[in-house]
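Since the structure comes first, as structure tokens, the remarks are kept for the end.
As the structure is a prediction and not an experimental result, all values here were calculated from the model. A, B, ... follow the sequence lines: proteins, then strands. Residue 1 opens every chain.
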Amino acid sequence: MGKGVAVIGGGIAGVQAALDLAEQGIHVYIIEKSPSLGGRMAQLDKTFPTNDCSMCILSPKLVEAGRHPNIELLTLSEIEELQGEEGEFKVKVLKSARYVDEESCTGCGICAATCPVKYEYQIPEKESVREKIEENELTKIDTILKKYEDEVGVLISILQDINEEFNYLPENALRYVSEKLGIPLSQIYHVATFYTAFSLTPRGEHIVKVCQGTACHVRGTRAVLDEITRILDVKPGETTEDLQYTLETVNCLGACALGPVMVLDKEYHGNMSPSKVKKILKSELEEGGL
Amino acid sequence: MKKISSLEELEKLRERISSSKGGKKTKVLISTKATCCQLQKSEQVTSALFDEIEKNGQKDKVEILTTGCLGFCELEPIIVIKPKGILYKNIKVDDVSDIVAKTILKGEIIEKLLYVNPLDEQRIELEDDIPFYSKQNRILLGNNSNIDPDKIEDYIASGGYSALSKVLSGMKPDEIIEEIKKSGLRGRGGAGFPTGRKWESCRNTEAEDDIKYVICNADEGDPGAYMDRNLLESNPHSVLEGMIIGAYSIGSHNGYIYVRNEYELAVSTLKNAIKQAREYGFLGKDILGSGFDFTIKLSRGGGAFVCGESTALMASIEGKPGEPRAKHIHTTTKGLWDRPTNLNNVETWANVPLIINSGADWYSKIGMDKSKGTKIFSLVGKIHNTGLVEVPMGTTLRDIIFKIGGGIPGERKFKAVQTGGPSGGCIPEHLLDLPVDYEKLTEAGSMMGSGGMIVMDDRTCMVDVARYFTNFLKDESCGKCVPCRNGLIQLHHMLTDICEGRGSEKDLDFFEELGFWITNGSLCQLGTTAVNPVQTTLRYFKDEYLTHIVDKKCPAGVCKALITFTIDSEKCTGCEVCKKNCPQDAISGEKKEVHDIDQDKCIKCGICEDSCKFDAVEVN
């Protein structure tokens, strides 16, 4: 192989990089493991955030990369060895056999159409998550699912109930809900991570909530939060290592007359100040035997 | 309870409930069924009151009404003794036996439980004489004191569901919409779109399979605003009645209430109210024998501020992440599940029965040219009389803050009032005579919003407030539009730099440019109004920004990196309280000698200032 630039991976980033380099007169090798260029983007329907059609952006670039005189495609190829340093790399590439003479092939597709052997793509049998969940927990989830059986648009309500029951959203519970409702797991995660009400990690036995409403803010909730952070040694959203306390912030509890407000489990404490935090939490921590 | 199947039956029931209530001379109201009173242990006080009345054998003579919020949250739990209307504040369990023995039995006044007017230190005996109440026009909130929110009978007895009955007994849907249009009612969620016009366009849109939705937006996300929570907790049926009337005129049979899950009490009160309304036949099939069907479902929010936006809210009801969409097609054409949908705020719905009952002419006489009726504000922050305030549109800020609110506590100076939540702005002292209506607030760079009114004094740092709102919005941005998602992060970054003494004057110019892109490059109101807090504080309090940037000082004593705590040797008595409380052991000094703070050890937590009884700790 001659001198030039090797671009590893023929996805959209690789293709664009190769095109930019090739335009500058540099000889480029695109080394791609799979039989064709395009990568992940070729599998997408739309792209974020404009919702433009993905292939409409990608395919002209693929065609261009395929016919550019300065670009050499090495598909079905993997890097075996990489040596050297900047400006002087030596790359050893293993090219798998394609059993087609690439020089002569016009890409007409007749061979594929006439081939008598059909390869059926095997979808691996998906293992149900059911076995991985304990019996009593399964009953709990089933009861929740049953509650919303004939309704539509209930995903959020179901997740709220599970979150309340388990104090967070266990991964297996989400997988189970996905199986039962036929909603892709990715969509469930989209919802679960979007709303602040859900937690994907186990929360502590006690929840300390600090209101961050404007009224509480001007009355000094920051100092209150700082003091709690200092005493419990966790940041907002985190749980102490012994799983005793989770510190959470909440946008507004609507108890503005009493701000700053702190809620320890379900008990509200109004007109908080750093020294009051110390008193309440210290006695709490001592009682808890920590 | 038997279902009511005709309008006559409703009137008979109303008479029956009213007559069964008569006879008792004394009526005691105790605010106990709202979150803010429950925080102040109102439930214990209430059960003590019941016990005490029973013990004194007054059960047949005294009626106890457990109401929702009476508005004056600072004084909760409140007891009002009628017929005279004596108001006692901040009642503790121990006070109850005295109240029964002295006031209820003998008519004596207990001085120490009376409200003290902060302006002249005078004790005021009667509810009606307290300026906080007497200067308001409580057409929506006033009914709270006649109702136990858990009892639909109380609502019926106080004239509830008579608007529905009037509508069903002969008003045509178009007539109702005309009446609402004539009243001049505008959306109370903040944007102020004329309610009647919204209903009309939803009514006129043809739905393929004849399904239309009405939604009540109870996702009260603005921090510092809680009037919707209050209405739902204290008078839920007024909202339901408004929705039924709205649905009838629009031609919808399905309603949703989207309520914040953080409002636990509001959720349970609403559930109960919907159940009762169904039992009585105000919801369900063939309402009051009119042939009209309507049901309401409750949908609990997941704690995302952006879900207060109509399209995001509808996505959330559908069980999706609450991301807004572009509104080239209005939700009245394609809303929830792509059907015509009419969404209004809690307070808007609660206004509807009033307008139907008393007429558009009466309603449109209250308020200003373009903004009619009253508006509830939650008056909070650095103010004497914290609570919910209902005033006619066009009341000046000065009247609200000083006449009703009683001014700023602790002899501090008024600095600004923040309206409109995170999308609003801070209004300075020289604009205090601004009449509060939709247009005037927008001109001043702020907005009406849902009605939060946060008062700030000279110990509030305006740069810090701007940073606070930007931080809030950056966390709540759903992330769909890049200018909002990334722009706000940058804006917050720069504001933090200023608060921590790393800002430069160039930042201020860049705010403008960044603000332009965030405003113009975002789909929903969250993004388009996100820079309001920064822009108004910069417009009215530029000096304060410059003091942070040039002098590296925070005049309000808030920004930690720019302040130091010191002890005033004149005032310090050497009591050692601060020394004992300091978590860093940064304070030295023997007993009865002036203490000193080691600045290297100090983490500026403020505990010393907070614990000093002699105001000896100073913030510089």
Side-chain angles (χ1 to χ4, degrees), chain A residues 48-49 151-160 163-164 181 183 187 190-198 209 211-224 226-227 230-231 249-259 261 263 266-270 273-279, chain B residues 35-36 38-40 73-74 76 220-226 229-230 261-263 299-305 307 316-323 337 378 380-382 386-387 418 421-422 452 454-457 460 465 468-469 472 476 478 480-482 558 581 583 603 605-607 610-611:
Chain A
F48 180 85
E151 294 179 49
V152 281
V154 287
L155 182 58
I156 294 174
S157 306
I158 290 172
L159 296 187
Q160 273 167 342
N163 201 64
E164 207 159 292
L181 301 182
I183 301 174
Q187 268 180 34
H190 191 179
V191 172
T193 50
F194 185 87
Y195 295 102
T196 46
F198 303 125
K209 275 190 206 166
C211 180
Q212 300 292 298
T214 323
C216 290
H217 180 80
V218 299
R219 290 192 186 188
T221 197
R222 171 98 51 81
V224 173
D226 284 352
E227 185 62 11
R230 211 182 55 78
I231 295 180
T249 56
V250 50
N251 282 342
C252 184
L253 289 164
C256 309
L258 305 165
V261 177
V263 189
K266 297 239 154 159
E267 199 176 335
Y268 284 70
H269 300 274
S273 63
S275 45
K276 247 173 123 179
V277 167
K278 211 169 150 187
K279 259 184 227 153
Chain B
T35 310
C36 23
Q38 292 190 354
L39 299 190
Q40 309 268 43
C73 307
E74 184 97 28
E76 308 278 6
E220 189 172 47
D222 281 3
Y226 61 101
R229 189 206 76 205
N230 184 285
N261 206 25
E262 289 91 329
Y263 286 175
S299 186
R300 292 171 297 152
F305 174 69
C307 286
S316 182
I317 293 183
E318 291 174 14
K320 298 177 194 153
E323 288 170 3
W337 282 299
S378 61
V380 296
K382 308 275 186 77
T386 306
Q418 206 279 346
I454 297 111
V455 181
M456 299 166 182
D457 66 7
T460 313
V465 166
Y468 161 79
F469 280 116
F472 176 89
E476 290 299 335
C478 76
K480 190 171 183 170
C481 311
V482 183
V558 174
N581 278 312
I603 54 166
C605 64
I607 290 185
D610 181 40
S611 59

*Relative to chain B, which segment of A:Asp226 carries a heavy atom at a distance below 4.5 Å: side chain, backbone, both, or neither?*
side chain
*For B:Asp457, check salt bridge (Lys or Arg N to Asp or Glu O under 4.0 Å) against everything at least two apart and list the hits.*
B:Lys382
*Donor on one side chain, acceptor on other, B:Asp610 and A:Ser273, under 3.5 Å*: yes
_Any donor-acceptor N or O pair under 3.5 Å, side chains A:Asn251, B:Glu476_ = yes
*Picking from B:Glu262, B:Gln38, B:Arg229, which has the most non-hydrogen pairs under 4.5 angstrom with chain A?*
B:Arg229
*What residues, two or more places apart in sequence or in another chain, satisfy salt bridge (Lys or Arg N to Asp or Glu O under 4.0 Å) together with B:Glu318?*
B:Lys320
*Can you tell me how far the CD1 atom of B:Ile454 sits from the NE2 atom of A:His217, to the nearest 0.5 Å?*
11.0 Å
*asked:* Whether the side chain of B:Tyr226 engages the backbone of A:Cys256 through a donor-acceptor N/O pair (distance < 3.5 Å, no angle test) should be reported.
replied: no
*Carefully, step by step, assess A:Arg222 and B:Val558 under the rule side-chain contact (heavy atoms from CB on, under 4.5 Å).*
CA-CA 10 Å; A:Arg222 171 98 51 81; B:Val558 174; 5.6 Å; no
*Which is it for A:His190 and B:Glu323 under the side-chain contact (heavy atoms from CB on, under 4.5 Å) test, yes or no, and what are the steps along the way?*
CA-CA 11 Å; A:His190 191 179; B:Glu323 288 170 3; 3.3 Å; yes
_Counting C-beta onward and ignoring hydrogens, is there a side-chain heavy-atom pair between A:Leu258 and B:Gln40 closer than 4.5 Å?_
yes
*Any donor-acceptor pair under 3.5 Å linking the side chain of B:Thr460 with the backbone of A:Val218?*
no
_Most chain A-contacting option - heavy-atom pairs closer than 4.5 Å, from B:Gly322, B:Ala225, B:Cys73_ = B:Gly322
*Counting only N and O atoms by type, is there a donor-acceptor contact under 3.5 Å from the side chain of A:Tyr268 to the main-chain atoms of B:Cys36?*
no
